There are 2 protein chains.
Amino acid sequence: MTIAERLTWRDVYDTIQGRILDATYPPGTRVPRDEDIALDLGCARATVQRAMRALADEGLIERKRKGGTHVLRLPATRATFHIPVARLEVEATGARYGYQLVSREEADAPRAVAAALELHAPARMLHVRALHLANQRPYLFEDRWICVETVPEILDVDLSRENANEWLLQNRPYSRCDLRFFAMKASADEAALLQAEEGDALFGIARSTWNGADPITTVTALAPPGYELHSRA
Amino acid sequence: MTIAERLTWRDVYDTIQGRILDATYPPGTRVPRDEDIALDLGCARATVQRAMRALADEGLIERKRKGGTHVLRLPATRATFHIPVARLEVEATGARYGYQLVSREEADAPRAVAAALELHAPARMLHVRALHLANQRPYLFEDRWICVETVPEILDVDLSRENANEWLLQNRPYSRCDLRFFAMKASADEAALLQAEEGDALFGIARSTWNGADPITTVTALAPPGYELHSRA
DNA sequence: TGACATATTATGTGCATACATTTTATTGTT
DNA sequence: AACAATAAAATGTATGCACATAATATGTCA
C-alpha cells in the first residue's frame, strides 16, 4: 500500500515541465492557474507557485498577473557560464598553474578604456598585462586597466607575485559586470605572448566591473587557438 | 511621519547584498542565521529565506544546512547569456531579416556529429546548411544535423522557406542543451558564404540538444568578424 | 584513542491565510 | 463612439507554524 506522501515543489516542477515537453501544454498555450493545478495535483498553491517561479526563471514559461501563465513559443535559450578564474580553470584540468607579469605601469585611461568603464572624466589607471600558464604554456593573456581612484590599494600589491584578477575579486566585490565574447586575429605581439602564429583566431573575453557607480576594472583576456567555453543545461 | 511599512524580500536582499559589498560581511565569513536576521530587520524568517535563496542563486553566498550561510571567497563569476535566435536578434537591431537555404541532404551521421550527440549507433540524419541575413548581408552561417529518427516530420518541412532552428524550437522542446563557444579561422568556403576573407577570425557557437535521451540536433553557427556576444549583470 | 550512535542546529519545505499588485475586462459617462 | 472610472482575475508576497533534512557536534562504549 502506498503512503499518501506530500508533493514537493520539485514534483510539481517535474510534472509541469513534463507536460510542456510532451506537448500536453503546447508552445504558446495557457497553463491552468496555480490554484487549479494545486487542486488537481493535491497540494497548496504556494507549492505550485514555487515550481512555477522556477520554470519561469529557466525561461520555459511566462507569468503575468491576471494574464496567467503561458508556455513560451520560443523557449529562452540561455546559458549560464562560469567565467574563468584562470587558476581554477587550469587546476581543474589537472595541469600546473603558472602566472607571469608582463608589464605594469600607471597611465591615464585611453579612449577605449574610458568608454568601456563609462568614465566621464579622465582617470588615473594602473595598466597591467599578465600571462596565465598551464604547465608552462600560455593559457590566457590578460590586458587590464584598474581604476586607481576606486582601488588605491592596488598600487601596493605585488603584482609580480599575485594575480590581479583574484586580488580584485577577493578585495573588491562588484555589483555590476559587463561581458563580451568575441573572436579576433592575433597581432604579432599577442601571437608572441601566446606562442601562436600571427593571424591565428583568438578567443576574446572582455569584462568591465563596477561597484555601484564606481568603476573598478576592465580586462580583455585572449586565449590561444583551441580554447573553448562550455556550458551545459 | 513615516508609515511602518513591511519589508519585502527584495529589501532584505538589498540590505544583505549591501553588507557583502561594503564588507560588513567580508568574503569567507559567516552570515548570521536567517532567524537572527529576521529578528534584526523585523520580518519573518520566510522573507529572509526568500532573499537568501536569491543571493545564493546568484552565487554571492553559499548555504548549508546546519553549516549556516557563508559569503563566498571568490564570488561566483558567472554570466547568463541569451543565445541568439537569429531572426529576433537581427530584428532587434532594426535590420531586415533574411534566410537562405544553402544545402539540404540526407546522410549518415559522420564521426564528429555522432560524438556531439553522444550517439551509440549509426543514425540517419538530415544535414542542413543555411545563412541568416541582416539587410541582405550574411549574419550567421549554420551547419546543422537533425536526427531523423527523433524528428521524422522534419523531412516534410520546406526548409527553403522555413528556418530549421525556429521550427525545431517550436516543435521539439529539449530538456538538455550543450553549448560551446570558440574562435576559428575561416576556410575558403566559409569565407565565401560569410563574405569574409579566408583566414578571418570567426566566432563559433556549437549547440547540441536532446529531449530526454533522444538526440534532436547539433548545430555549428559561425559569425563573421565583428560579431560579439553580450551579457550584463 | 577511535568508531559508532545520538542529539543539535541551521536551512529547506509545505501549508493556510490574508492582502498587494498588476493587468485585463466591464461599465458608465459624455 | 471614445474615454475614463471601476471591478475582477491571476500572480506576487508576507506571515506563522510545523516538520523534514542534512551536517555537525557530542557522547558512549569498546
Side-chain angles (χ1 to χ4, degrees), chain A residues 2-17 19-20 24-73 75-76, chain B residues 2-17 19-20 24-73 75-76:
Chain A
T2 329
I3 307 169
E5 294 256 343
R6 276 182 170 175
L7 287 178
T8 81
W9 68 266
R10 196 76 220 182
D11 295 330
V12 177
Y13 176 99
D14 290 341
T15 302
I16 303 298
Q17 194 201 34
R19 289 184 184 173
I20 291 172
T24 303
Y25 302 142
T29 60
R30 180 170 184 169
V31 176
R33 37 193 277 263
D34 295 3
E35 196 163 345
D36 290 338
I37 291 183
L39 221 59
D40 174 25
L41 301 182
C43 64
R45 177 163 79 91
T47 309
V48 176
Q49 239 262 54
R50 181 76 180 72
M52 290 300 213
R53 187 153 32 78
L55 286 165
D57 285 347
E58 274 153 46
L60 235 69
I61 60 177
E62 189 180 35
R63 315 198 78 201
K64 281 223 295 260
R65 284 168 157 152
K66 161 94 187 185
T69 302
H70 289 260
V71 181
L72 286 181
R73 269 171 204 291
Chain B
T2 329
I3 308 171
E5 294 255 341
R6 275 182 169 173
L7 288 177
T8 83
W9 68 267
R10 196 76 219 183
D11 296 328
V12 178
Y13 176 99
D14 290 341
T15 301
I16 304 298
Q17 193 201 35
R19 289 183 185 172
I20 292 172
T24 302
Y25 302 142
T29 60
R30 181 171 182 169
V31 175
R33 33 193 281 261
D34 295 2
E35 195 163 346
D36 291 338
I37 291 183
L39 221 58
D40 174 24
L41 301 182
C43 64
R45 181 170 69 98
T47 309
V48 175
Q49 238 265 80
R50 181 75 179 75
M52 290 300 212
R53 187 154 32 79
L55 286 165
D57 285 347
E58 274 151 46
L60 235 66
I61 60 177
E62 190 179 34
R63 316 199 77 201
K64 281 223 295 257
R65 286 170 157 156
K66 160 95 185 182
T69 302
H70 289 261
V71 181
L72 287 182
R73 269 169 205 293

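Numbers restart at 1 for each chain; the letters A, B, ... are given by sequence-line order, proteins then strands. What you see is a predicted model; the values in this text were computed from it and never measured. Heavy atoms only: backbone and side chains are in, while hydrogens, waters and symmetry mates are out.
Within the 3.5 Å criterion, the main-chain N or O of Thr8(B) finds a donor-acceptor partner in the side chain of Asp11(B).
The salt bridge (charged side-chain N to carboxylate O under 4.0 Å, His left out) with Asp34(A) is formed by just one residue from the set Arg50(A), Arg63(A), Arg53(A); it is Arg63(A). Applying the side-chain contact (heavy atoms from CB on, under 4.5 Å) test between Leu60(B) and each of Leu55(B), Ile16(B), Leu72(B) identifies Leu55(B) as the sole match.
Within the 4.0 angstrom heavy-atom criterion, no nucleotide atom of any strand lies near Arg53(B). Residue contacts shown for Gly67(B) are absent, as no nucleic acid heavy atom lies under 4.0 Å away. Nucleic acid contact for Arg30(B): sugar-phosphate only, since backbone atoms but no base atoms lie under 4.0 Å from a heavy atom of the residue.
When rounded to the nearest whole Å, the span between CG of Asp34(A) and C1' of dT13(D) equals 13 Å. At whole-Å resolution of the value, CD in Glu35(A) and P in dT11(D) are 9 Å apart. Atom CZ in Arg6(B) sits roughly 11 Å away from atom P in dT21(C) (whole-Å rounding). The CD-P distance, from Glu62(B) to dA10(C), rounds to 17 Å in whole Å. Whole-Å rounding puts the Trp9(A) CH2 to dG12(D) C1' distance at 17 Å.
Between Arg65(B) and Met52(A), the residue anchored closer to the 5' end of DNA chain D is Met52(A), taking for each the nucleotide with the nearest heavy atom. Residues Lys64(A) and Arg10(A) both approach DNA chain C. Their nearest nucleotides, taken by heavy-atom distance, put Arg10(A) toward the 5′ side. Closest-nucleotide positions on DNA chain D for Ala46(A) and Thr69(A) were compared, and the one nearer the 5' end corresponds to Thr69(A).
A salt bridge is defined here as a Lys NZ or Arg NE, NH1 or NH2 lying under 4.0 Å from an Asp or Glu carboxylate O, and Arg19(B) with Asp40(B) meets this definition.
Looking at Arg45(B), its side chain comes within 3.5 Å of the base of dG12(C) through a donor and an acceptor atom. Counting distance only, with no hydrogens placed and no angle test, the side-chain atoms of Arg50(A) and the base atoms of dG12(C) include no donor-acceptor pair under 3.5 Å.
In this structure, the nucleotide among dT11(D), dT24(C), dA23(D) sitting nearest to the side chain of Lys66(A) is dT24(C). With distances taken from any side-chain atom of Arg33(A) to the nucleotides dA10(D), dA14(D), dT13(D), the minimum falls on dA10(D).
OP1 or OP2 of dT13(C) has not a single side-chain nitrogen or oxygen of Gln49(B) nearer than 4.0 Å. In terms of phosphate contacts, Arg63(B) brings a side-chain nitrogen or oxygen within less than 4.0 Å of OP1 or OP2 of dG12(C). Put simply, Thr47(A) has a side-chain N or O that comes within less than 4.0 Å of OP1 or OP2 on dC15(C).
Side-chain contact check for Met52(A) versus Ile37(A): some heavy-atom pair is nearer than 4.5 Å.
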